[in-house]
There are 2 protein chains.
Amino acid sequence: MSTIEDVAKLAGLSRTTVSRVINNHPYVSEEKRKLVMEAMERLGYVPNSSARSLRSQKTELIALFVPRIMNPFFSQLVESMEIAAAEHNYQLIICQTRYSSEKELNYMNLLKTKQVDGVILASIQNDWEVLEPFLDYGPIVLCNEFDEQANVPSVMLDQVHGGYIATKHLLEQGHRRIAYCRGSTRSNVANHREIGFRKALSEYGIVFDEQYAFRDTLHSEDGRRVFHRMLSLSEPPTAVFTGSDEVAAGIISEAKKHGCKVPDHLAVVGFDNQAITQLMEPTITTVHQPVEKMAQKALEVMIEKIHSRTYRQREIYKFPLKLIIRGSTVTNKLAKL
Amino acid sequence: MSTIEDVAKLAGLSRTTVSRVINNHPYVSEEKRKLVMEAMERLGYVPNSSARSLRSQKTELIALFVPRIMNPFFSQLVESMEIAAAEHNYQLIICQTRYSSEKELNYMNLLKTKQVDGVILASIQNDWEVLEPFLDYGPIVLCNEFDEQANVPSVMLDQVHGGYIATKHLLEQGHRRIAYCRGSTRSNVANHREIGFRKALSEYGIVFDEQYAFRDTLHSEDGRRVFHRMLSLSEPPTAVFTGSDEVAAGIISEAKKHGCKVPDHLAVVGFDNQAITQLMEPTITTVHQPVEKMAQKALEVMIEKIHSRTYRQREIYKFPLKLIIRGSTVTNKLAKL
DNA sequence: CTGTTAGCGCTTTCAA
DNA sequence: TTGAAAGCGCTAACAG
């Protein structure tokens with residue numbers, strides 16, 4: 001394991017000069033540069049990153065917080081973020097909070113102990129006042145999630161609009177009794193979608209009926225459960241807006257199993273535009289989210305913050321969502337038009 | 001940003017004593033320990049991890065190489081591995097090779113530069129002789145993947161058996177013209193499955209017909225493509241064994257679209273037991289892989305290697321696979337028995 | 001253009 | 001049971 005000292009000796013120069021070559025500093029003669037390069041080559045020298053970090057107070061590491069990776073939305077976010085990070089010579093440390101505020105808080109220590117240069121939160125499990133003090137130690141950027149109180153940059157999607165266009169689509173198809181499935185109760189993403197949902201309803205003079213609301217639906221199994229609960233209502237809904245394609249797929253699968261036709265008896269809208277939407281029968285109407293763009297932007301903003309060292313500034317970057325109409329809300333004939 | 005020095009001063013003690021308290025060393029009087037704890041508390045002190053790493057030559061970081069995260073199999077692997085790592089107080093750095101040997105090689109420098117304590121390869125893009133020299137810098141453990149040449153631990157699944165039981169199941173259903181879809185051409189995982197596939201065929205006296213082989217099938221779109229290519233054969237297969245549930249789902253979706261009944265006209269076996277297998281209609285017969293167990297074991301082995309510092313030792317840990325029979329290979333009536 | 005020197009914050013001998 | 005001091009490998013004033 002050779003050090004900068006070894007290289008310096010072999011090249012017959014000082015550590016400083018070697019360091020200058022490594023970091024592409026100016027004021028090194030071409031001659032000495034060559035000497036250093038050769039010595040590095042001969043020794044198979046690579047700078048020790050702990051030493052570098054200690055000295056420069058930079059780790060080139062960013063922590064990304066997600067509830068869990070298996071959720072396809074977050075898989076995609078992690079994938080896009082890792083690619084973006086690599087392009088900027090940063091590495092990504094993955095932290096799964098598993099929806100636990102305790103775990104989240106624990107992972108926040110990565111910032112305090114200087115293990116990472118910054119934290120990107122794609123999920124928030126604690127109140128902002130709990131997280132805020134960590135800004136003393138490094139930048140925090142919100143990605144996908146959003147918090148009213150947070151005095152940091154947020155890169156997000158227009159979830160209000162997402163909820164709105166999905167619901168409006170169902171209303172335009174003539175539906176009036178529309179059920180609503182959302183994920184985590186504390187997420188602002190879900191809150192915003194609900195606002196859009198209600199806005200569309202109210203434009204059609206419909207008052208939202210709480211019996212049609214289902215909270216904490218995350219997986220296909222939840223969808224199956226919801227289907228049965230909807231059926232058991234005195235006036236079952238004719239359409240349902242869900243917060244995820246998996247839930248939508250669960251509802252559709254269970255509906256078909258019980259002879260309930262989609263979309264004729266029950267129209268279903270998903271969210272995320274995952275692969276499954278094109279594999280189910282009928283294919284699933286859904287809302288496409290520009291995850292890749294969001295991830296890239298969040299990473300750029302993070303890097304900018306790391307350099308500028310101004311962490312407590314609220315900035316909002318919002319990307320649009322797009323409704324993709326497929327078979328689960330319109331009959332095949334129409335879908336093919 | 002307080003340092004160990006600040007704590008020492010406030011407590012009226014030496015850095016050494018503070019360090020002893022931090023690291024739970026013996027020979028610290030209860031009285032001084034309290035003093036130190038209080039001082040740390042008052043200052044909100046947390047040890048700087050770069051300094052620690054530099055001094056102790058440990059980062060508590062492990063790099064996990066995967067081709068890409070979006071693939072549900074690897075999502076699950078990453079998820080399980082992160083949980084296992086967290087339990088052992090290690091963090092995971094994610095490296096997506098995107099099937100590129102160059103990117104893989106580039107990421108290997110994390111080991112050389114001491115940014116991580118070890119590398120877990122869940123995918124191999126370079127010949128072993130290229131990777132081997134990195135063992136001078138730290139441990140490498142193979143997880144899921146396997147290489148004949150590699151003189152390091154491998155934690156793997158019995159893919160030969162997986163290919164065998166899946167194929168045997170199809171043979172038992174009476175199929176004789178069985179097509180075969182596999183993923184990446186250089187993966188040993190796929191090679192092993194193919195060995196199992198051929199073994200089952202030969203037990204039934206069938207010589208594998210290369211026209212039934214489809215390579216590099218990864219996504220549902222590939223499945224759709226394969227379906228059409230199978231149809232165009234003079235003697236189309238009556239069953240197909242695939243290397244992934246996504247490909248299987250693509251085949252099934254396309255088959256249904258063209259009035260081909262599954263499993264009556266075409267039986268399909270997937271691999272991975274992903275969520276989609278229970279959502280498709282028919283549900284998909286597949287092979288379950290104990291990903292979580294494998295991930296845990298790989299992590300344990302890695303930690304053991306980090307401590308023992310003996311990296312060049314071949315050890316094989318193999319976990320069994322299980323066939324899960326569903327609707328895509330047996331008619332509904334039978335499936336319900 | 002190059003070298004000397006002083007740390008970054010921590011752990012660990014060694015001596016008391 | 002405690003502390004002084006050395007040094008992990010690197011970068012960046014500063015001086016020349």
Side-chain angles (χ1 to χ4, degrees), chain A residues 1-37 39-40 43-61 109-117 137-138 309, chain B residues 1-37 39-40 43-61 109-117 137-138 309:
Chain A
M1 197 81 314
S2 53
T3 74
I4 197 172
E5 180 75 50
D6 302 329
V7 177
K9 266 190 192 137
L10 184 60
L13 293 162
S14 73
R15 273 162 25 213
T16 313
T17 306
V18 178
S19 174
R20 287 209 181 90
V21 172
I22 294 169
N23 297 290
N24 278 315
H25 282 201
Y27 305 129
V28 182
S29 67
E30 201 44 49
E31 178 200 5
K32 312 268 170 177
R33 159 169 267 112
K34 275 231 174 71
L35 241 41
V36 171
M37 297 296 250
M40 296 205 299
L43 295 169
Y45 168 81
V46 183
N48 176 308
S49 58
S50 303
R52 270 192 138 166
S53 299
L54 176 58
R55 184 59 233 239
S56 60
Q57 309 283 19
K58 291 191 174 294
T59 60
E60 320 247 278
L61 249 32
N109 281 319
L110 290 172
L111 203 55
K112 245 187 163 173
T113 59
K114 296 276 165 212
Q115 276 205 269
V116 299
D117 291 342
Y137 306 97
R309 294 165 180 278
Chain B
M1 198 80 318
S2 53
T3 73
I4 198 172
E5 180 74 49
D6 302 330
V7 177
K9 265 189 193 137
L10 183 60
L13 291 164
S14 72
R15 276 167 17 215
T16 315
T17 307
V18 177
S19 174
R20 286 210 182 89
V21 172
I22 294 169
N23 298 290
N24 279 314
H25 282 200
Y27 305 127
V28 183
S29 67
E30 202 43 49
E31 178 200 6
K32 313 267 169 176
R33 160 168 267 112
K34 276 231 174 70
L35 241 42
V36 171
M37 297 295 251
M40 295 203 301
L43 294 169
Y45 169 80
V46 183
N48 176 306
S49 57
S50 302
R52 269 192 138 166
S53 299
L54 175 58
R55 183 59 234 241
S56 59
Q57 310 282 19
K58 290 188 175 299
T59 60
E60 321 246 279
L61 249 33
N109 281 320
L110 290 171
L111 203 55
K112 245 187 163 174
T113 60
K114 294 278 165 212
Q115 276 205 270
V116 299
D117 292 342
Y137 307 97
R309 294 166 180 279

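Only a predicted model underlies this, so the values are computations on that prediction, with no experimental measurement involved. Chain letters run A, B, ... following the sequence lines, proteins first, then strands; residues in each count from 1.
Applying the side chain to side chain contact (heavy atoms under 4.5 Å, CB included) test to A:Ser56 and every residue at least two apart in sequence or in another chain returns A:Lys58. Residues passing the side-chain hydrogen bond (donor to acceptor under 3.5 Å, both in side chains) test with B:Thr17 are B:Ser14, sequence neighbours excluded. Residues meeting the side-chain hydrogen bond (donor to acceptor under 3.5 Å, both in side chains) test with A:Ser53, sequence neighbours left out: none. Under the side-chain hydrogen bond (donor to acceptor under 3.5 Å, both in side chains) criterion, B:Ser19 pairs with B:Asn23, sequence neighbours left out.
Distance B:Glu5 CD to D:dG3 P: 12 Å, rounded to the nearest Å. Rounded to an integer number of Å, the gap from A:Lys9 NZ to D:dG9 C1' is 13 Å. C:dG9 atom P lies 7 Å from atom CG of B:Asn48, rounded to whole Å. For the pair A:Leu35 CG and C:dC1 P, the computed distance is 16 Å after rounding to whole Å. Rounded to a whole Å, the CG atom of B:Leu54 is 12 Å from the P atom of C:dG9. Rounded to whole Å, atom P of D:dG9 lies 16 Å from atom CD of B:Gln115. Atom CG of A:Leu13 is separated from atom P of C:dT4 by 11 Å (rounded to the nearest Å). When the C1' atom of D:dT2 is taken as reference, atom OH of B:Tyr27 falls 13 Å away, rounded to whole Å.
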Can you check side-chain contact (heavy atoms from CB on, under 4.5 Å) on A:Tyr45 and A:Val36, steps first, answer last?
-> CA-CA 11 Å; A:Tyr45 168 81; A:Val36 171; over 6 Å; no
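For A:Lys32 and C:dT2, the shortest distance from a side-chain N or O to OP1 or OP2 is below 4.0 Å. OP1 or OP2 of C:dT2 has not a single side-chain nitrogen or oxygen of A:Ser14 nearer than 4.0 Å.
A salt bridge (charged side-chain N to carboxylate O under 4.0 Å, His left out) check over residues 4-20 of chain A, counting only residues at least two apart or in different chains, returns the pairs A:Glu5-A:Arg15.
Taken from OG in B:Ser50 to CZ in A:Arg52, the straight-line distance is 12.5 Å, to the nearest 0.5 Å.
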At under 4.0 Å between heavy atoms, which parts of nucleotides 11-16 of chain D does protein reach? Answer with one letter per nucleotide, 5' to 3': B base, S sugar-phosphate only, - none.
-> BBBB--
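The side chain of B:Thr3 sits closest to C:dG9 out of C:dT2, C:dG9, D:dT2.
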